[in-house]
Colleague: 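I have a structure here, written as structure tokens, and I will follow up with some questions on it.
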Amino acid sequence: MTPTRPTSAKRKVAVVGVALSDCGRLDEATPYALHAQAARRALTDSGLDRSVIDGFASAGLGTLAPVEVAEYLGLRPTWVDSTSVGGSTWEVMAAHAADAITAGHANAVLLAYGSTARADIRAGRRTGDLSFGARGPLQFEVPYGHTLIAKYAMAARRHMHEYGTTLEQLASVAVQTRENAALNPDAMFREPITVDDVLSGPVIADPFTKLHCCVRSDGGAAVLLVAEEYVQDCRTAPVWVLGTGEHVSHTTMSEWPDFTVSPAAVSGRLAFERAGVAPRDVDFAEVYDAFTYMTLVTLEDLGFCGKGEGGAFVEKGRLRVAGGELPVNTDGGGLSGQHPGMRGLFLLVEAVRQLRGEVGASRQVRRDRDGRLPELAVASGTGGWFCSSGTVVLGR
């Protein structure tokens, strides 16, 4: 089917296919193969043929991303995006794809990602401390040895100083995320942990111990967005893109006005305004969680609680799938589930699966005692060291 592109610049956009590749510990896989596996599975999920794809977006692989990946997949798109802003790349790309479809510049856009971040380190193809570069503005920080994790740790310490946030509150994020991971058979780590387990672990960058930090895995993901004309031919129920927002803040720490405010404060506001909904309407949230502090401050900046109230908000068990007021990172997140580098596409996959009611009874978010499926979700990705943010509001 090849729908005629509308002359008006208004048509709805739906996510109709989502999938993960094999994930976890994949010593023999290649990133290209993971891209392809996830893409095939997303197309199968949608029920559409690959010939409908006229848009492609990818980042993080190849000299000419996404040209190399498109060639590997056998695609010849007439719309492409290679925006690369770290973990928020995929929410930003979803926003760009939705805009292109709405405007009639594309009909069906595939977002695909694959990474062997864990296997590469294991095989000695890279180290665990790759520099982001020493040119441009970053040259003024590199001599002082700032690692990515150290920058997040500095921001966490500032929040603790400013608002009295405690290590126990941050640790509770890891504990609740692990509880959610225990419900996901595909999560890398499912064994229960306690606040004491988090606090007593080896220090990675003060105040973060090992369990404050994300896991390192291999894996990939794919998401297919289409114009509303395609929905009738899909095998899955559509999940609609209701609103999006994106924002970049800084690259050097010296240019970050406030360590306690992330760029989600802007991208989230824009996404909710454009969707015509408020944080209180959301049933669950998928947020980037490379570190526990990211979860806490992103929830504040998206408006689920006031600035400085994140510690009190997360420590009351609100993030759990089982009984939580706002289930967060329902697949176990990057802290316990999977984290193959730029994880933002995984947030969209999990959000769509939850809205479609496909994750299994134990992990499924329900709206009320009647057991209704959720109707509204938010996925918010963060890139760099709180340098960028993309937020997408999704609904059934």
Colleague: Hey, are Ser217 and Arg118 close enough side-chain-wise for a donor-acceptor pair under 3.5 Å?
Modeller: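 Checked: Arg118/Ser217 side chains show no N/O donor-acceptor pair below 3.5 Å.
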Colleague: Please list all pairs meeting ring-ring contact (aromatic ring centres under 6.0 Å, His included) that have one or both residues in residues 155-205, counting only residues at least two apart or in different chains.
Modeller: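 The answer is His159-Tyr163, His159-Tyr293.
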Colleague: For Glu286 and Ser380, which I'm curious about, is there any donor-acceptor pair between the side chains at under 3.5 Å?
Modeller: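 No, because no side-chain N or O of Glu286 sits under 3.5 Å from a partner of the opposite role on Ser380.
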Colleague: Can the ring centres of Phe386 and Phe259 be said to be less than 6.0 Å apart?
Modeller: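 Here the rings of Phe259 and Phe386 have centres that are no less than 6.0 Å from each other.
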Colleague: Under 3.5 Å, is there a donor-acceptor pair linking the side chains of Asp301 and Thr298?
Modeller: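 Not at all, the side chains of Asp301 and Thr298 share no donor-acceptor pair under 3.5 Å.
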Colleague: Is a donor from one side chain sitting under 3.5 angstrom from an acceptor on the other, for Thr295 and Asp289?
Modeller: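 Side chains of Thr295 and Asp289: no pair found under 3.5 Å.
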Colleague: Grouping I, L, V, M, F, W and Y whenever their side-chain heavy atoms are under 4.5 Å apart, do Val261 and Met294 come out in a common cluster?
Modeller: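 Val261 does not cluster with Met294.
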Colleague: With no hydrogens and no angle check, just 3.5 Å: does a side-chain donor-acceptor pair link Thr292 and His212?
Modeller: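 On atom types as modelled, these side chains qualify, holding a pair under 3.5 Å.
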Colleague: List in chain and number order the residues that pass side chain to side chain contact (heavy atoms under 4.5 Å, CB included) with Ser388, two or more places apart in sequence or in another chain; answer none if no residue qualifies.
Modeller: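 Applying side chain to side chain contact (heavy atoms under 4.5 Å, CB included) to Ser388 gives Val85, Ser88, Val248.
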Colleague: Yes or no on ring pair (Phe, Tyr, Trp, His ring centres under 6.0 Å) for Phe208 and Tyr152, after CA distance, side-chain angles and deciding distance?
Modeller: CA-CA 9 Å; Phe208 295 149; Tyr152 278 104; 7.6 Å; no
Colleague: Strictly under 6.0 Å, is that where the ring centroids of Trp90 and Tyr113 end up?
Modeller: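 Ring-ring flag for Trp90/Tyr113: true, centres closer than 6.0 Å.
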Colleague: Looking only at heavy atoms, what is the nearest atom pair of Ala59 and Thr89, with distance?
Modeller: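 Looking at all heavy atoms of both residues, the shortest contact is CB-CG2, 4.0 Å.
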Colleague: So do Asp218 and Gln338 actually touch side chain to side chain, heavy atoms under 4.5 Å?
Modeller: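 No - every pair of side-chain heavy atoms lies 4.5 Å or more apart.
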Colleague: Please evaluate residues Asp49 and Ser51 with respect to the criterion side-chain hydrogen bond (donor to acceptor under 3.5 Å, both in side chains), reporting the C-alpha separation (whole Å), side-chain torsions for both, the decisive distance (0.1 Å), and the verdict.
Modeller: CA-CA 5 Å; Asp49 186 78; Ser51 62; 2.7 Å; yes
Colleague: So, Arg11 and Glu228, do they make that salt bridge, N to O below 4.0 Å?
Modeller: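 Answer for the salt bridge query: no.
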